[in-house]
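The next block holds one structure in the form of structure tokens; read it before the comments.
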There are 2 protein chains.
Amino acid sequence: MLRLSKLTDYAIVVLARLGQANAAGRVTAVPELALASGLAEPTVAKVLKILAQAGLVEGLRGARGGYRLSRTLECIPLSDVITAFEGPIALTACVDGAAGGCESEGCCPVRGRWDPVNRAIRDALAGVTVAQLANTPPARQCAAAVLNF
Amino acid sequence: MLRLSKLTDYAIVVLARLGQANAAGRVTAVPELALASGLAEPTVAKVLKILAQAGLVEGLRGARGGYRLSRTLECIPLSDVITAFEGPIALTACVDGAAGGCESEGCCPVRGRWDPVNRAIRDALAGVTVAQLANTPPARQCAAAVLNF
DNA sequence: GGAAACAGGACGCCAAAAGTCCTATTTGAG
DNA sequence: CTCAAATAGGACTTTTGGCGTCCTGTTTCC
């Protein structure tokens, strides 16, 4: 439905919470984040693992461990979060170089013409930071194109 | 996955074919469209029914009936097609006035802040016409904002 | 009157998402 | 040195929604 998956949605919320806590220099663990976000612990854990694999957060193992932001929320564009959970941002499967996937590739009247559209969506999502989505008070701004908020 | 549904994808292809045929003043029926599109007849029929309900095409019943475009492809923005098949364009369920859907509504740190993002996506999709996606030779242009193609 | 074609809905299958859980590994504290 | 806390990684089950198909009714031309 042109909707983000729930995990992606959760990720934004979790990142927002992490931003609040980490701004105070603290490291936050899963139980605390789950409580603050109103989500189930296993779900939050799953979200954080994916965020860690994408390099958006840093996991600190061992007792007194937890998670920490790799960059400030101002430096995390929405497109990065979405890509981590949903893969490359493209409205159709037949993106640029993807050949062979479509059976009617030869006669498709829209072949190759989705690329500008996908680029527009990507640009729009790259122009919004997680900080703008969270209620984060304006901290130091990143060098990023900013959407007309 | 931030992907269009297959039906939406088919719809663009079918509209493109309809544009070619209708430019010659003809009315096209389901079997012919299915053949030209390389899709199964029941699928094409389903697509056309939805397009007709959305007012994008006009169904002519009875023998020698078929489908005809309600407007030229230049006047059909991509957003109209997507809305017909996927509902309102919004990345999250908690859009503007939608209250009560989210259980953690009260404490959500991103509450209400998705709206500008959704608007940006909508604008981007409204700026592309089906004619631009199809290989349609440039006909008379509609009064529509056009994406940087 | 009959055939061709759309209108509208209902049904079943399947794939992907979503949520949960288990085990291994790491690390700090006592 | 041992234990507990916490992440890493994967596997598994349930559920949801897309997708394709089909059936019945209605309309219209020949």
Side-chain angles (χ1 to χ4, degrees), chain A residues 1-11 13-14 18 21 26-35 37-70 82 84-87 91-93 101-103, chain B residues 1-11 13-14 18 21 26-35 37-70 82 84-87 91-93 101-103:
Chain A
M1 291 185 277
L2 204 50
R3 293 277 156 84
L4 260 30
S5 77
K6 285 193 182 184
L7 284 191
T8 312
D9 208 347
Y10 298 160
V13 175
V14 168
L18 259 183
R26 299 194 305 106
V27 168
T28 319
V30 167
E32 185 182 350
L33 273 174
L35 196 64
S37 313
L39 302 171
E41 284 194 24
T43 303
V44 173
K46 190 177 204 172
V47 165
L48 285 165
K49 281 179 226 174
I50 296 173
L51 285 173
Q53 283 182 333
L56 295 179
V57 304
E58 193 182 351
L60 307 174
R61 304 177 66 158
R64 318 275 300 192
Y67 287 95
R68 183 167 41 182
L69 289 175
S70 298
I82 295 177
F85 284 85
E86 328 239 350
L91 292 183
T92 57
C102 185
E103 65 272 2
Chain B
M1 290 186 278
L2 204 50
R3 293 278 156 84
L4 261 31
S5 78
K6 284 193 182 183
L7 285 191
T8 312
D9 208 347
Y10 298 160
V13 176
V14 169
L18 259 184
R26 299 194 305 106
V27 169
T28 319
V30 167
E32 184 182 352
L33 272 174
L35 196 63
S37 313
L39 302 171
E41 283 194 24
T43 303
V44 172
K46 188 177 206 172
V47 166
L48 286 164
K49 281 180 228 174
I50 297 174
L51 286 172
Q53 284 182 333
L56 296 179
V57 305
E58 192 182 351
L60 307 175
R61 304 177 67 156
R64 317 275 301 191
Y67 286 96
R68 183 166 42 183
L69 290 175
S70 298
I82 295 177
F85 284 84
E86 327 238 350
L91 293 182
T92 57
C102 184
E103 66 271 3

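Every chain is numbered from 1, with letters handed out A, B, ... down the list of sequences.
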Measure the distance from NZ on A/Lys6 to C1' on D/dG17 and round it to the nearest whole Å. 12 Å
Phosphate OP1/OP2 of D/dG17: any B/Ser5 side-chain N/O under 4.0 Å: no
Measure CG/A/Leu2 against C1'/D/dG18 and give the value in whole Å, please. 15 Å
Whole angstrom value for the distance that separates P of D/dA6 from OH of A/Tyr67: 12 Å
Could you tell me whether the side chain of A/Glu86 and the main chain of A/Leu4 form a donor-acceptor pair under 3.5 Å? no
Output yes when at least one side-chain N/O atom of B/Tyr10 is less than 4.0 Å from OP1 or OP2 of D/dG20, else no. yes
Minimum side-chain heavy-atom gap A/Leu56-A/Leu69 below 4.5 Å: no
Quick check: on DNA chain C, is the nucleotide nearest B/Ala63 upstream (toward 5') of the one nearest B/Lys46, or the reverse? Name the residue that is more 5'. B/Ala63
Shoot me the first and last contacting nucleotide of DNA chain C against chain A, ordered 5' to 3', at under 4.0 angstrom to non-hydrogen atoms. C/dA18 to C/dG28
Give a yes or no on whether B/Arg26 atom CZ has more than 12 heavy-atom contacts from other residues, nucleotides or ligands under 6.0 Å away. yes
Applying the side chain to side chain contact (heavy atoms under 4.5 Å, CB included) test to A/Val14, which of A/Thr43, A/Leu33, A/Val57 qualifies? A/Leu33
Sugar-phosphate only, base, or nothing, as touched by B/Ala45 at under 4.0 Å among non-hydrogen atoms: nothing
If every non-hydrogen atom of A/Gly65 is compared with every non-hydrogen atom of A/Ala29, which pair is closest and at what distance? O-CB, 4.1 Å
Nucleic acid contacts of residues 49-62 of chain A, taken as heavy-atom distances under 4.0 Å to DNA chain D: A/Lys49, A/Gln53, A/Gly59, A/Leu60, A/Arg61, A/Gly62
Between CZ of B/Arg3 and CG of A/Leu2, what distance do you get to the nearest 0.5 Å? 11.5 Å
So what does B/Leu48 touch, heavy atoms closer than 4.0 Å: a base, only the sugar-phosphate, or nothing? nothing
To the nearest 0.5 Å, what is the distance between CD1 (A/Ile82) and CG (B/Leu91)? 6.0 Å
Working to the nearest 0.5 angstrom, can you tell me the gap between A/Lys46 NZ and A/Phe85 CZ? 10.0 Å
Spacing between A/Leu7 atom CG and D/dT15 atom P, to the nearest angstrom: 18 Å
Nearest-Å distance, CD (A/Glu41) to C1' (D/dA6)? 11 Å
Can you find a heavy atom in the side chain of A/Leu18 that is under 4.5 Å from one in the side chain of A/Leu51? no
